[in-house]
2 protein chains.
Amino acid sequence: MKPITLQEIADTLGISVSTASKALKDYPDVSQRTKRLVKELAATLNYTPNSFAVNLRTKESMTIGLIIPEVVHHFFSSVIKGIIYQAEKKGYLVITLQSNESYELEKKQIALLMRKNVDGILISLANQTANFDHLKEVIEQDKPLVMFDKIAKVLPCSKVIINDRKAAYTATKHLVDSGCKRIAHFRGPLLPQNSIDRFLGYKKAIEDHDIQYDPSLVYICEDMSFEEGKKYAQKLYEEHKDVDGIFVNTDLVAIGAITQLKELGVKIPEDIAIVGFSNWFMSSAITPTLTTIDQPGFKMGKTAFKRLLKEMKKKKNDEKTDPKIIELETSLVKRDSTPT
Amino acid sequence: MKPITLQEIADTLGISVSTASKALKDYPDVSQRTKRLVKELAATLNYTPNSFAVNLRTKESMTIGLIIPEVVHHFFSSVIKGIIYQAEKKGYLVITLQSNESYELEKKQIALLMRKNVDGILISLANQTANFDHLKEVIEQDKPLVMFDKIAKVLPCSKVIINDRKAAYTATKHLVDSGCKRIAHFRGPLLPQNSIDRFLGYKKAIEDHDIQYDPSLVYICEDMSFEEGKKYAQKLYEEHKDVDGIFVNTDLVAIGAITQLKELGVKIPEDIAIVGFSNWFMSSAITPTLTTIDQPGFKMGKTAFKRLLKEMKKKKNDEKTDPKIIELETSLVKRDSTPT
DNA sequence: CTGAAAGCGCTTACAG
DNA sequence: CTGAAAGCGCTTACAG
């Protein structure tokens, strides 16, 4: 069954393709009668314009590209959901690609999306990405680009983020306020900005409260997995018996740490208090429930798409847009892994 | 900066567009010299063919559509990852849509993808979908369609599934073998086939082992959430003190049940043994670790795409394909929530 | 109010 | 070996 074309509609109605086209799109200079006839026939034939032809003519695909480090991840999948939801609402479709934290893949995927002629690109950087030329080119080609969560500060494009430093400060301060004197930090890899910012927030919070910063209390997680949480909790337990609080870069690692510490007979929060980051829903399910920073993934996705849409529209009207940095609110969720 | 066109390449080289096109695609009837010149210029100008024009000509978009009930879900996001991974490997991009378990949305999204002219569609049904006309139409329009996980048995298209009934039988039999005499079942909603099949597997397993089937021991979860696990565990505890085993439709609910039972002072697995379903990675992280059925999400995604690709290729060559049902292996993962 | 024409950028069957 | 031509299915500026 071949799809109906405008040509066929025009032919059976004995009118021209141009008129049929205009009738369907409600151009004011077409008679009511013709409009009615065309629309009725289109409806009964179940006509839909060939999107390939429309794309070619309008140079728009109503499709955007999304590059994300890892799909199987509670925070990121929430962001994806927010993006897809908002995009569909506005008539856009989303092509999702996973960079797998690899710079090379990310670069290839940017090229793929550019070749595909998507109307705009949303990206959260791979941990390994330290060179931004591939993204600079996107900007130079005047293709709307919005970064979220894992961003590159130097790039002149819009960004949707949380204030990682401030949130980490709040988290760490909560440990201090709970009476912790010696606070460790399980941080993320060295490159990504948010892992740096969370570390800086941690450092500032303890120094502001007259606790000596001790680099040996900072453990670097490479893949931020449950296993790493267990591993570094074990290591910390062996190396630093005096630690009484840990601020962990992300909930999954924190849950790993809790699991291991429980196994070692450490009481949480009495012996060691723990604060995580992201408010993964599992955090309220484990024992003890995890105090953490709520990071609004779904909202971040929606916001990032909204910003991208604005820039795509501006571009269509040949207007310039200035990059904007949108900061989303986070909040401390107090639970049982810190003392009340 | 406007993209380069073939026309421009042809002009600067003083040849025709046709020859330039053929040179780039290595047609045998173009001189080596011309090929070299065109390819070199294309490379230096960073030429890529306009995908809209190519789509229109070839009637292919190298894009597929994916409709999934819920993106923020460990099993489904693993499937998505498998699909995206395999598709990218073969030069295809994936447009993902979330049906949110809603029939109406799913129907709209099918229409969206058809209008978009994707080369094929991958779908896992919404729980609420009981009418399949929208999918029948896809099949009638001869658009390759492969269902996975949540399928409709009656539809004449390929399907990638696990044997839910068999897996549920294995899970329940494991409880029987562990000495359980009175086994409850937390099942999924009434409509989806896999929720039905898991229930049937449960029922058959107990009946095969001379345990009386008791409908009052079957609890129906509507949204299969952590909270429902807690709720029905509480209810079960109040209504049936004699239950000594539960087979739960999915890990998240099982973890909710464990959490609640622990709170009630029930010993797991001594008082009540529990088996989940899906082998969500959190299952090995909670205490006690959860015995469960491993459901290969990533592999299911890869397999579904491979099958779709085969059908898309066949269609391109005007060959027929017979629907094929591909059953993936599952396995019982024994952990601490059942006695050793 | 309607339609002929140009054109989006490519591919490919055909002629030379 | 090269190129003119047709055509994919639409949109829109222009003429009448």
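Using bins of under 30°, 30° to 60° and over 60° for the plane-to-plane angle, the ring pair A:His73/A:Phe75 lands in the perpendicular bin.
Taking side-chain N and O atoms only, B:Thr58 has no distance below 4.0 Å to OP1 or OP2 of C:dT11. Regarding contacts with the backbone of D:dT2, a side-chain N or O of B:Ser31 is found under 4.0 angstrom from either OP1 or OP2. OP1 or OP2 of C:dT12 lies within a sub-4.0 Å distance of a side-chain N or O belonging to B:Lys25.
One can place CG of B:Asn50 at 8 Å from C1' of C:dC10, the figure rounded to the nearest angstrom. With rounding to whole Å, A:Ile15 atom CD1 is found 13 Å from D:dC10 atom P. Summarising the geometry, the separation between OH on A:Tyr47 and C1' on D:dT11 is reported as 10 Å, rounded to the nearest angstrom. Spacing between atom CG of A:Leu24 and atom P of D:dT12 amounts to 13 Å, rounded to whole angstrom units. When the P atom of C:dC8 is taken as reference, atom CG of B:Asn55 falls 18 Å away, rounded to whole Å. Rounded to whole angstrom, the span from the CZ atom of A:Phe52 across to the P atom of D:dC8 amounts to 15 Å. At whole-Å resolution of the value, CG in A:Asp26 and P in C:dT2 are 14 Å apart. For B:Leu6 and D:dA4, the CG to C1' distance is 16 Å, given to the nearest whole Å.
Along DNA chain D, the nucleotide closest to B:Gln32 and the one closest to B:Lys59 are compared, and the more 5′ of them pairs with B:Gln32. The nearest heavy atom of DNA chain D to A:Ile4 and to B:Arg57 marks one nucleotide each, and the one closer to the 5' end goes with B:Arg57.
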CA sep, side-chain torsions, deciding dist, call: B:Glu319, B:Lys315, salt bridge (Lys or Arg N to Asp or Glu O under 4.0 Å): CA-CA 6 Å; B:Glu319 298 172 40; B:Lys315 191 198 161 188; over 6 Å; no
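Among the protein residues, A:Asp29 comes within range of the nucleic acid bases, having at least one heavy atom under 4.0 Å from a base atom. At a threshold of 4.0 angstrom between heavy atoms, the contacts of B:Ser18 include nucleobase atoms, whether or not backbone atoms are also involved. Nucleic acid contact class of A:Thr5 (heavy atoms, under 4.0 Å, all strands): sugar-phosphate only. Within the nucleic acid shown, B:Tyr27 comes within 4.0 Å of sugar-phosphate atoms alone, with no base atom in reach, counting heavy atoms only.
B:Ser78 and B:His74 get closest at one heavy-atom pair: OG-O, 2.8 Å.
With sequence neighbours excluded, no residue forms a salt bridge (Lys or Arg N to Asp or Glu O under 4.0 Å) with A:Lys302.
Remark: C:dA13 base-pairs with no nucleotide; criterion is Watson-Crick or G-U wobble with both hydrogen-bond distances under 3.5 Å. Base-pair partner of D:dA4: not found among the strands shown (Watson-Crick or G-U wobble, both distances under 3.5 Å).
Nearest to the side chain of B:Lys22, among D:dG3, D:dG9, C:dC10, sits D:dG3. The side chain of A:Ser16 has C:dG3 as its nearest neighbour among C:dT12, D:dT2, C:dG3.
Here the options are A:Tyr92, A:Phe148, A:Phe298, the test is ring pair (Phe, Tyr, Trp, His ring centres under 6.0 Å), and the partner is A:Phe305; only A:Tyr92 passes.
Taking 4.0 Å as the cut-off between side-chain N and carboxylate O, B:Lys81 and A:Glu70 count as a salt-bridged pair.
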